[in-house]
Amino acid sequence: MTKIQTYIEKIVEDEATGAEVKYHEITAYAVDLTQSVSNVTVTSYYSPKARKLGKSPVGFPVTITLQAFPPKGVDQLDWFYQQLIVNAPEGYIEPQEKYYGWADPFLLSGGKIKTVELTEPEPQVTGLEQEQDISEEM
C-alpha cells in the first residue's frame, strides 16, 4: 500500500544523539480548547530516503506546544505543518527556565513542507481475526 506523507525538511541537530536530521513528520497532535494551546508531536528521521526505507527514527519524538489551535473549517494537519515553519516573532527569546521535555516552538521555523511517497506494509491478519473468520464460516 502506498501513501503520500507530508514532512518538514530542515536540518536540525537531535538533542539526544547529536545527529543531524532533516526529515520531520507530525505523528500526533492534541488540541486543548480550554487553554487555547495545541501539542504537536514530531518524529525525525535522518532523511526522506531513510524514512522511505523504513529505517528507525533518530532520537525521541519531540512535543512542541503552540499557543494556538486550528480554526474551524481548515485541515488540521496542514495547519499544524504551516504553524511549525513560521519564523519566531521579532525579539523572541527562549526562556531560561525550561520544564522537563520543553521544546523550542520555533525549532522547525524556516523549514520547507514537502511530501514523499511511502510504501506501507500490508496489515497482518492476527490470530484473533483468523479465529473470527473461521467461526463465521461455520
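Between Lys112 and Lys10, every side-chain heavy-atom pair lies at or beyond the 4.5 Å cut-off. Here the side chains of Thr41 and Ile26 are not in contact, with every heavy-atom distance at 4.5 Å or above. At a threshold of 4.5 Å between non-hydrogen side-chain atoms, the residues Val21 and Tyr45 do not count as touching. Put simply, the side chain of Val116 reaches to within 4.5 Å of the side chain of Lys52, judged on heavy atoms. You'll find the side chain of Phe60 stays beyond 4.5 Å of the side chain of Val62, heavy atoms only. With contacts defined as side-chain heavy-atom distances shorter than 4.5 Å, the pair Asn87/Phe106 does not qualify. Counting only heavy atoms from C-beta outward, the side chains of Lys114 and Thr6 never approach each other to under 4.5 Å. Under the 4.5 Å side-chain criterion, counting only non-hydrogen atoms from C-beta, Tyr29 is in contact with Leu77.
Tyr92 and Val86 fall within the same hydrophobic cluster, defined by Ile, Leu, Val, Met, Phe, Trp and Tyr side-chain heavy atoms under 4.5 Å apart, directly or through other members. No continuous path of ILVMFWY side-chain contacts below 4.5 Å connects Tyr7 to Phe80, so the two sit in separate hydrophobic clusters. Under a hydrophobic-cluster definition in which Ile, Leu, Val, Met, Phe, Trp and Tyr are linked whenever side-chain heavy atoms come within less than 4.5 Å, directly or via other members, Leu33 and Leu66 are assigned to the same cluster. Cluster membership check: Leu107 shares its hydrophobic cluster with Val40, using side-chain heavy-atom separations under 4.5 Å among Ile, Leu, Val, Met, Phe, Trp and Tyr. Residues Leu53 and Met1 are members of separate hydrophobic clusters, defined by side-chain heavy-atom contacts under 4.5 angstrom among Ile, Leu, Val, Met, Phe, Trp and Tyr.
Crowding of Tyr99 atom OH: a count of heavy atoms from other residues, nucleotides or ligands under 6.0 Å exceeding 12. Environment of CD1 in Ile11: sparse, with no more than 12 heavy atoms of neighbouring residues, nucleotides or ligands closer than 6.0 Å.
Not counting sequence neighbours, the partners of Thr17 by the side chain to side chain donor-acceptor pair (under 3.5 Å) test are Asp14.
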(request) Could you walk me through whether Ser109 and Ile85 pass side chain to side chain contact (heavy atoms under 4.5 Å, CB included), step by step? (result) CA-CA 4 Å; Ser109 70; Ile85 64 169; 5.9 Å; no
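Taking the six-membered ring for Trp and the full ring otherwise, Tyr46 and Tyr23 have centroids separated by 6.0 Å or more.
The side-chain hydrogen bond (donor to acceptor under 3.5 Å, both in side chains) with Ser44 is formed by just one residue from the set His24, Lys22, Arg51; it is His24.
If you check the side chains of Asn39 and Thr65, you find a donor sitting under 3.5 Å from an acceptor.
Residue pairs meeting the salt bridge (Lys or Arg N to Asp or Glu O under 4.0 Å) criterion with at least one member in residues 86-108, sequence neighbours excluded: Glu94-Lys98.
Of the inter-residue distances, the one linking Ser47 atom OG with Glu20 atom CD reads 12.5 Å to the nearest 0.5 angstrom.
Shortest non-hydrogen contact noted between Trp102 and Pro95 is CZ2-CD, 3.7 Å.
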